[in-house]
Structures are given as structure tokens and as C-alpha cells.
Amino acid sequence: MSEIQIVRSHAGEREERTVTTGTKAWELFAEDADVVAARLVDASGAVLKDLSYELVDGDVVEAVVIDSADGHDILRHSCAHVLAQAVQDLFPEAKLGIGPPIENGFYYDFDVPTPFVPEDLDKIETRMRKIIKENQRFSRRVTTDEDALVELADEPYKIELIGLKGSAADAAEGASAEVGAGELTIYDNVGRSGEVAWKDLCRGPHLPTTKRIPAFKLMRSAAAYWRGDEKNKQLQRIYGTAWESKEALDAYLDRIAEAEKRDHRKLGRDLDLFSFPDEIGSGLPVFHPRGGVIKRVMEDYVRQRHIEEGFEYVGTPHISKEQTFHLSGHLPYYADGMFPPMEFEGANYYLKAMNCPMHNLIFRSRGRSYRELPLRLFEFGHVYRYEKSGVIHGLTRVRGFAQDDSHSYVTPEQAPSEIKHLLAFILGLLRDFGLDDFYLELSTRDDSKPDKFVGSDEDWATATTVLEQACRETGLDLVPDPGGAAFYGPKVSIQAKDAIGRTWQMSTIQYDFNQPKGFDLTYQASDGTRQQPVMIHSAKFGSIERFIGVLVEHYAGAFPPWLAPVQVQAIPVADAFSEYLHDVARRMKTQGLRVEVDDSDDRMQKKIRNAQLQKVPFMLIAGADDVEAGAVSFRYRDGRQENGIPVDEAIARVAAAVAAREQV
RNA sequence: GCCGCGUUAGCUCAGUGGUAGAGCGUCCGCCUUGUAAGCGGAAUGUCGAGAGUUCGACUCUCUCACGCGGCUCCA
């Protein structure tokens, strides 16, 4: 037995050690039960290893603790294995798909004759607990393609993955968890008496044993296409989550519960903002008076800001003959997303899915001079898109919506500064609505699918470069999104984080050299020649409906006063003070404030409760003391109160909060 | 579009092969002076729609609509 030199690194402390050959990684971290794997670091990067990894001379070994990002992935991946074992115990005919860790959890796909029902998940979870209790060891075994094909003959999906080895990243999202470009490995789950209870083709690494799973829960089952392709068979996917402690699991479940409380579909009903009448059809919302206030205030403000930023407000119809959409490229490239045509008077009319064709027609309604550029057209254009029935979701995915759509027609030289101008405008606007944490996403063409995109390689390259450069200058993070471009050009989207850290795609900016060609748009340049403008599409909220949905969730229904449907709820301590408050309310209304007096025959306490549930920003309460002093008392949504505020001051205070668009 | 699960009063939800209930809300009456539910009474449903099985369907079967969770998609 000889000695080797290694470096052990844990919790930021590095130390060189001399150990004997045959020493396993776990021996370096035996005193810390939170260490679940080892990270081997060398000049070329880092690679994760099981704790059973046998050290070699010169290894630099870092501890991977369970509550780190890698630790979570390993925990969840191992938990997915336990899930698969439990499923195959209970449903022996189940064939294995893939089972990777995902954000906040894991899943495993199975081909089963009968889809899982909720009761099945309970049974599977019980079985998983038994497996965890058995403390099975995850045991890594190197194999060859030939041996694996024989050993896994009963697992057709695994066989398919072995065939795809080396291109696993293309095989399916998550498939790289099963096979990689290197050697092929199988993990055996070994019971206490040494028997192999279960096995799976897998790269690893894994926890040392099943008992190292501290807390997990199965969440739901759903269908998923094999390898993510809708042409393939649907497998049954079971989602679960796993955490380093019961407390962490509970905290995660609490976060989900908080998100549910904010669900705009629920709050929309509770606060009487909007609804989705079955009679109208799926994905077609109606706004009630209170939701209508939010919508109108938003639209008024956005319209005003556009005009301040040099846009001209235009208006266009909802339908058009098909020729328009041929020119724009929508029918050749996007017909599936449009509603079928209405045929009359010998022509096909389509509901518009985009406003740009109409704006192009405004542009070319007369000759244009370079002196007019940038020409910026803007409207709230109602567009209709045929969204597949399964994707419709509240206000965030609908079939009919108002797009705050603008098109800037510019010379190619003006494009970079116009894009910068739009980015600054958009970020400012989103901040006005209380969103202030952003990153950018650059969606580019998928070169492997040229038929999905129109235009020359050179034009795409130019457009992409211009957009990317403008993004870099904002200093915001820029995330690539290959293949996500529109058919007519690359796109930048602004992603905003909401109050509980979820990101939403908001605005988009697109650089389009194709539609000006299609519509033969020209302007006369200073040298007298005719030139083609570039058009830059931008939508600040994307969809007004969707943005309202996002705001409802961001604010959890507790809107800042300038957006709140009711800004002030006046509550008399007793009937006798109603008239006094009506008087105050009249004065507030002359200043444009939205105020209601609750003169129902509920008791004051009940009225406060009602106003609280409606999330009204200012409660204005008055009793004998206030009347005598010519004052009112405030109560805020957080229960805070301020008594004896003179009426004039109270009105000024509310008006100031509204004018400043601040939250209270 | 695909897979699964749902749809009972305005809302949240019980319930049974023999045509239905609670709480909140609504309406009426009484009461009501200080910061999250005063008391009493009443009304409210083609049990999502249609077809089938059955002596009988809200309950079982099928089709459709709508919703929910995913998948695919999202110019």
C-alpha cells in the first residue's frame, strides 16, 4: 500500500493531505453528514463524483453539501431513482423514460398501460418511504454499450438513449442525466443483505444511500411526450420535490401556497376585476368596472408616455383581407396561429394577429422623407391569436388581447440609437409600475431550421448584432435564447422579476428588415434616392391583459393608490357620521380621487374587514372626535392607523400618494 | 392539439342509483360611537350541456363545452 497526495477542500478551507491508495472520497468528509458528493477540480474544470470515488494522486477534492445547487440536484436525482424503483415495484410493467432533477424538484417519466391517478401517487410515496428506510446503497458500475443493451433489453427507452449516447444533449432535455459522452454506467440499488433491489442506466453521481434523502414529496402526475416531441408517444410523468430538511421542504410548500394566494385568477374573482364567461369562449376575458379602472388608468398613462417619447397614436381595424397578411409574411409563416378566415364578397378576411401590417400601410399611405424618420406609430391594437385549447391560462395566455404595439421606422443608421431609446423608455415604464429587477433575453434564429425564418443570413447577422450591442450598453444581464426569434427577425425581451422572485417576460423589441421589403416601404433620402427603412417592433407590456395579470400577482391584489380601483374607503364609526364622510368624499372626488362611503348597516368593524379584504389602500374613518376636530382617521392595509388628521391634509395626502404613484 | 383530473347556490365546498345541504355573500328586519365577522328571518340550484343504460340518473357510460395540472406551442 502506497501513499498519494491530494487536496481536500470544504467550507472554504483547503488542506493538503497524504492518504493511502484506496482511500475513498467519503473518508475525507466522514464527520460531516451534509456532504453528499465530491467535486473533483482540475485545470479543465470540475466534475462531480460519488463519495465512493477512489482518490488518485493529485486529486483536488471539494465537498458538495446537500443544500448547495449541486447538492440539491444530486439529492433530487437520487430521489427520482427511488421514485422509479417504487413505481416499478408497484407497476412491474412500467418502462423507464428519463428522470432528471429540475428546479425545485425532479421528475421521472414512465410508459405505463394506465395513466397514474392521484391515489397512485399516495401508494408510490408510501413505497418510496419504505425504500428510503431500507437504506439502499447507490452503487456505481461501469458497463459497455454491448453489455448494457443486453442487460436493459426490457427497457426500450433506455436502449434508445444508449443509441443516442454522445448526442445526449440533443436527445431530450434531461437525457444527459442518464447517459453522457463518456463511459456508460449503471447504478445498482443495493439492499442491506447485498442483493440488488433495482438498477438504472445513469451517469450519477448519487447520494451514498437512500436514507440520505431527508424530505421529499410527490407533487403531481402529467403526460409528457417522449424526448419532448409531440410526434412521439406520451409518457406519464411524476413530479416530486426533495429538500435537505423537513423545514426546507415546508418552506418550499409555503412558497407555493403564497403563489397560489396571489393567483390572479382567484384575486380577479375575489376583487371583482374580471372574468372569463364560458358563453364568450375560452381565453376571452371581460373586465368588470373595478378591473376596468386598472385597465383604463394603465392605458391612459402608457398612451401619455408614448406621446412624450415621440410616438404618434394611430388606430387600425381588427380584420383585414388576406393580402395584407401575405405581404407581412404572417400567412406563409404563421397561419396556424391565426383564426380561420371569414369568406364574403369573394374575399377572405382574417382577424389580425399583429398590428404591424396595418402600421406599414399607414407608413406607405403617402411618400415619406428621411426628415420624418424615426417615424413612430403606436396603438392599443386588439389582436386575436388561435392559441391551442390546452395552453390558455387566465389573463397570461389568451386568444384576444390588446397589444401596446409600436413600430419605429428608421434608417439603418438610426436603428441602434432607436433601440437604445426604446430600452430606456421601457425600463422606465416598467419601473413606474413597480417592477425594478430585470434581465434581457436575446432570441436568435435557429440556423438548423431555415424554413421557419425569412430573410438572408447577412440581414439576420446585422440585426442580431445591432440588438445585442444595444443590450450590452444597458449593463443588464443578457441571456441567449437560440431559436426563439420571430420569423421576421431577432428579438430582445425584457424579463422582470416580481415581488416573490418569479420572472415574467414583459416587453419585446424586434429588429425587422423583412416587412419593409414585403410592403415595399421606402423613404426619400437626402440624396434624392429611395431607400428602405428598418422597422423596429416594440411592445412594452406585450399584452395589456397579461400585464394586468402580472401586476395582480406582483402586488397580491394590493395595488398602489394610483392603480387601485377604490383608492379610499370611507367608514363612519356609526350612522350619524355618514353625512360628514359623504362631504369629505365629495371634496376628494373633485380632485379625481376614487372614493366610496360605506353607509351600509353593517357595524364599523365589519366595514373595516370588508375594506381590508378588498385591499383598499386608504380607509378613512370618522367618529365624534374626528367630526368635532374637522378631521378624519386613516387606517392602512397593514393595520397601521393615524388619527385626527385634518380633512384638508388628509385629502392632500391621498392626492400626493396617487400623483407620486407610490405604494402605501 | 395531446394525457390526466375536475364541473353541485354568486363564492368556497359537503353529499347519495329513489330529483339536494353548510358557511360566506345577497335580500328583509332589528341593532350599531373607535380599527378584521352584532342578531334574527328569507330567497337562491334544469347538480356544466346533450345523448345512452335503468322502473328511476345529480350519481353509471359516451359525446361536447368549460376549468385545473402538465406536455407541445407561444410571431
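Just so we're on the same page: letters track the sequence lines, and every chain starts at 1. Worth saying up front: this structure is predicted, and the values here are computed from it rather than measured.
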Suppose we call a contact any N or O donor and acceptor under 3.5 Å apart; does that hold for the side chain of [X] and the base of [N]?
X       : N      : answer
R397(A) : C74(B) : yes
R227(A) : C71(B) : no
Q234(A) : C2(B)  : yes

Contact class for [X] (heavy atom, under 4.0 Å): base, sugar-phosphate, or nothing?
X       : answer
R385(A) : base
R237(A) : sugar-phosphate
D601(A) : base
A622(A) : nothing
Q641(A) : base
S282(A) : sugar-phosphate
Q510(A) : sugar-phosphate
D626(A) : base
A223(A) : base
D229(A) : nothing
K607(A) : nothing
H537(A) : nothing
Y636(A) : nothing
T508(A) : nothing

Does a side-chain N or O from [X] land closer than 4.0 Å to OP1 or OP2 of [N], or not?
X       : N      : answer
R603(A) : U35(B) : no
R265(A) : G69(B) : yes
S389(A) : G1(B)  : yes
Y386(A) : G1(B)  : yes
Y239(A) : C71(B) : yes

Rounded C1' spacing from A14(B) to A9(B) in Å: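 Going atom to atom, C1' in each nucleotide, I get 13 Å.
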Nearest-Å distance once atom C1' is located in both U19(B) and C66(B):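 Roughly 25 Å separates the two C1' atoms.
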Counting heavy atoms from C-beta on, name the nucleotide in [options] closest to the side chain of [X].
X       : options                : value
D278(A) : G67(B), C66(B), C31(B) : C66(B)
K388(A) : C5(B), G70(B), C73(B)  : C73(B)
Q612(A) : A36(B), G70(B), C73(B) : A36(B)
V573(A) : G70(B), U12(B), G34(B) : G34(B)
K606(A) : A37(B), U32(B), C71(B) : A37(B)

Flag if over 12 foreign heavy atoms under 6.0 Å of CD, E103(A):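 Atom CD in E103(A) is not crowded, with 12 or fewer foreign heavy atoms closer than 6.0 Å.
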Within 6.0 Å of NZ in K497(A), more than 12 heavy atoms from elsewhere: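 Check fails, neighbour count at 12 or below.
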With D111(A), the salt bridge (Lys or Arg N to Asp or Glu O under 4.0 Å) member among R237(A), K158(A), K233(A):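 One option only clears the test, and that one is K233(A).
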Value in whole Å for how far the P atom of C13(B) lies from CZ of R269(A):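 Those two atoms, CZ and P, are 9 Å apart.
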Nearest-angstrom distance from the residue atom CD of E230(A) to C1' of C73(B):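 For the pair E230(A) CD and C73(B) C1', the rounded distance is 7 Å.
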From H537(A) atom NE2 to Y488(A) atom OH, the distance as rounded to the nearest 0.5 Å: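 Rounded to the nearest 0.5 Å, the NE2-OH separation comes to 4.5 Å.
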Between side-chain atoms of residues 271-279 of chain A and protein atoms elsewhere (two or more places apart, or another chain), which donor-acceptor pairs fall under 3.5 Å?
| unit_1 | atom_1 | unit_2 | atom_2 | d |
| --- | --- | --- | --- | --- |
| D272(A) | OD1 | H288(A) | ND1 | 2.8 |
| S275(A) | OG | H288(A) | NE2 | 2.7 |

